[in-house]
There are 2 protein chains.
Amino acid sequence: MQKASISESVIRRLPRYYRFLSQLEEAGIERTSSRELGVQLGLTASQIRQDLNCFGEFGQQGYGYNVSALRRQLELIIGLNKNRPAVIVGAGNLGKVIAANIDFGAYGFRLAGIFDIDRRICGSEIAGFTVQHMDTLEEFCNETEPLIAVLCIPQEAAQETADRLKDLGVKGFWNFSHCDLDADRSQVQVENVHLGDSLMTLSYRMPKDD
Amino acid sequence: MQKASISESVIRRLPRYYRFLSQLEEAGIERTSSRELGVQLGLTASQIRQDLNCFGEFGQQGYGYNVSALRRQLELIIGLNKNRPAVIVGAGNLGKVIAANIDFGAYGFRLAGIFDIDRRICGSEIAGFTVQHMDTLEEFCNETEPLIAVLCIPQEAAQETADRLKDLGVKGFWNFSHCDLDADRSQVQVENVHLGDSLMTLSYRMPKDD
DNA sequence: GTCTGTTTGTCAAGAAATTCACAAAGATTC
DNA sequence: GAATCTTTGTGAATTTCTTGACAAACAGAC
């Protein structure tokens with residue numbers, strides 16, 4: 001499907017393409033072109049063609065791209081059609097919000113369980129799941145084989161927990177802890193989410209008025 | 001302070017440098033070097049020196065960098081020492097979590113108010129703030145002059161609300177709506193946070209086992 | 001105080017990403 | 001159905017980003 005190894009820059013743009021095409025499809029628009037997409041997304045038409053061509057030839061000369069077909073292709077490329085089990089580790093404020101508000105199904109996953117170390121939280125219900133204690137993590141993983149883990153735990157516990165989950169077969173980490181996980185990228189994929197970093201870049205870009 | 005216009009790539013790395021230096025400082029480590037930082041952060045020493053030199057000469061040959069001094073410099077560069085008013089718009093699940101969990105002070109801002117369109121939510125208290133109705137937004141902005149707004153509202157309302165806030169003098173948007181805001185970057189800065197995009201890149205990087 | 005070792009700041013080379021440009025192919029018009 | 005218009009896919013040019021290399025400067029040892 002893909003021509004060579006895809007650069008990080010391209011990968012980061014794929015979700016935007018997918019989102020925008022979904023919007024077009026919902027709006028009932030049947031066809032589009034790299035020029036049109038470029039204008040809407042603030043990119044050059046050339047870049048969009050270049051990006052898409054990493055994965056195949058989805059357009060037609062003189063016509064452009066069929067919105068639904070291209071959206072579907074991106075869905076397959078990104079893997080959104082799959083249904084891979086995911087586990088949330090850490091049922092504090094953040095864990096709760098993610099459990100309740102992220103539509104894992106829309107991203108090719110399904111939430112399969114929520115865990116926490118605090119026995120006072122265990123047993124309570126979040127998003128239809130009973131919070132389980134970390135002691136039962138091994139059992140759960142052997143049974144359910146989660147492909148990814150969402151880490152919503154304090155910085156101190158993150159690396160250790162990630163290692164433990166890695167040994168249990170988890171292949172991807174969506175990491176909300178305030179640290180960068182250390183991992184051999186050939187074995188495990190890590191997506192760090194640092195809201196603080198994001199806010200800092202905004203802070204940097206604010207007028208300095210010195 | 002800065003030598004020329006700073007590239008996006010460099011800006012994105014600054015928060016990581018800052019975070020890591022804060023950790024070193026807390027651990028009581030006094031000095032470090034570009035080589036050491038590079039090993040820890042998974043970057044080349046050359047890149048770190050290049051990045052830092054965009055803003056000045058903070059190191060000393062034969063010695064390296066003083067951790068506290070460099071952290072302090074980055075603090076100033078990013079603007080974390082400031083105290084600029086911020087407003088949260090949208091007091092649903094996400095708005096609540098952000099209000100309660102983001103330490104705005106640590107990023108050079110201070111939370112000054114929370115707004116929502118839903119009168120049933122207005123009047124309730126979140127993180128010490130009484131949720132105000134959007135009708136009173138103009139009054140609030142004239143008084144408090146928030147520099148940034150955190151948008152935690154549905155996609156449909158995002159662009160309109162952003163325009164309204166822009167007219168009220170807001171210069172930056174931390175946008176959690178599921179859309180990319182359209183804005184003249186010379187007047188207004190937008191930092192889009194798309195958790196869905198983040199999860200999609202993880203989905204893409206998962207084994208395909210076809 | 002001299003000598004050795006380390007590390008910076010910077011320039012240049014190399015690599016990567018983006019944009020340009022255009023032939024080829026098909027759509028659309030008349 | 002011929003002529004014109006549009007748009008893709010792609011190789012090359014350009015720009016941007018990253019890495020390599022080294023002189024200059026200082027630290028630390030003796």
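By convention in this document, chain letters (A, B, ...) are assigned in the order of the sequence lines, proteins followed by strands, and residues within each chain are numbered from 1. Since this is a predicted model, take the numbers as computed values, not measurements.
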Nearest-Å distance, [atom1] ([X]) to [atom2] ([N])?
X     : N      : atom1 : atom2 : answer
A:L37 : D:dG9  : CG    : P     : 12 Å
B:Q47 : C:dT8  : CD    : C1'   : 16 Å
B:L43 : D:dT18 : CG    : P     : 9 Å
A:Q60 : D:dT6  : CD    : C1'   : 12 Å
B:L52 : C:dT8  : CG    : P     : 9 Å
B:D51 : D:dT19 : CG    : C1'   : 12 Å
A:E36 : D:dT7  : CD    : P     : 8 Å
B:E8  : C:dA17 : CD    : P     : 16 Å

Could you give me the CA-CA distance, side-chain angles and deciding distance for A:L195 and B:V193, then say whether side-chain contact (heavy atoms from CB on, under 4.5 Å) is met? CA-CA 8 Å; A:L195 293 182; B:V193 181; 3.7 Å; yes

Picking from [options], which would you name as closest to the side chain of [X]?
X     : options               : answer
A:R35 : C:dA21, D:dT7, C:dT18 : D:dT7
B:T44 : D:dT19, D:dC17, D:dT8 : D:dT19
A:Q50 : C:dT19, C:dT8, C:dT18 : C:dT19
B:N53 : C:dT8, C:dG9, D:dT7   : C:dG9

Please confirm whether the shortest side-chain N or O distance from [X] to OP1 or OP2 of [N] is below 4.0 Å.
X     : N      : result
B:R49 : C:dG9  : no
A:Y65 : C:dG26 : no
A:S7  : C:dA17 : yes
B:S34 : C:dT7  : no

Flag this pair as yes if the NZ/CZ of B:K171 is under 6.0 angstrom from the six-membered ring centre of B:F173 and inside a 45 degree cone about the axis; otherwise no.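 No; the conditions do not both hold, so B:K171 does not lie above the ring face of B:F173.
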
So does A:I114 get a backbone contact from the side chain of A:Q132, meaning a donor-acceptor N/O pair under 3.5 Å? no

Any salt bridge between B:D197 and A:R19, counting N to O under 4.0 Å?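 Between A:R19 and B:D197 there is a salt bridge, with a charged N closer than 4.0 Å to a carboxylate O.
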
Do the side chains of B:E36 and B:R31 get close enough for a salt bridge, i.e. N-O under 4.0 angstrom? no

Ignoring hydrogens and geometry beyond distance, is a side-chain donor-acceptor pair present between [X] and [Y] at under 3.5 Å?
X      : Y      : value
B:R110 : B:N83  : yes
B:H194 : B:D180 : yes
B:R71  : B:S22  : no

Return yes if the base of D:dT8 and the side-chain atoms of A:Q61 contain a donor-acceptor N/O pair under 3.5 Å, otherwise no. yes

Any donor-acceptor pair, under 3.5 Å, between the side chain of A:E57 and the base of D:dT8, if you only look at N and O atoms?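 Side chain to base: no pair present.
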
Might you list the N or O atoms of the protein lying below 3.5 Å from N or O atoms in nucleotides 28-30 of chain C, with each pair's distance?
from, atom 1, to, atom 2, distance (Å)
C:dT28, OP1, A:R31, NH1, 2.8

Which part of the nucleic acid, if any, lies within contact of B:S46, taking any heavy atom under 4.0 Å across all strands shown: a base, the sugar-phosphate backbone alone, or nothing? base

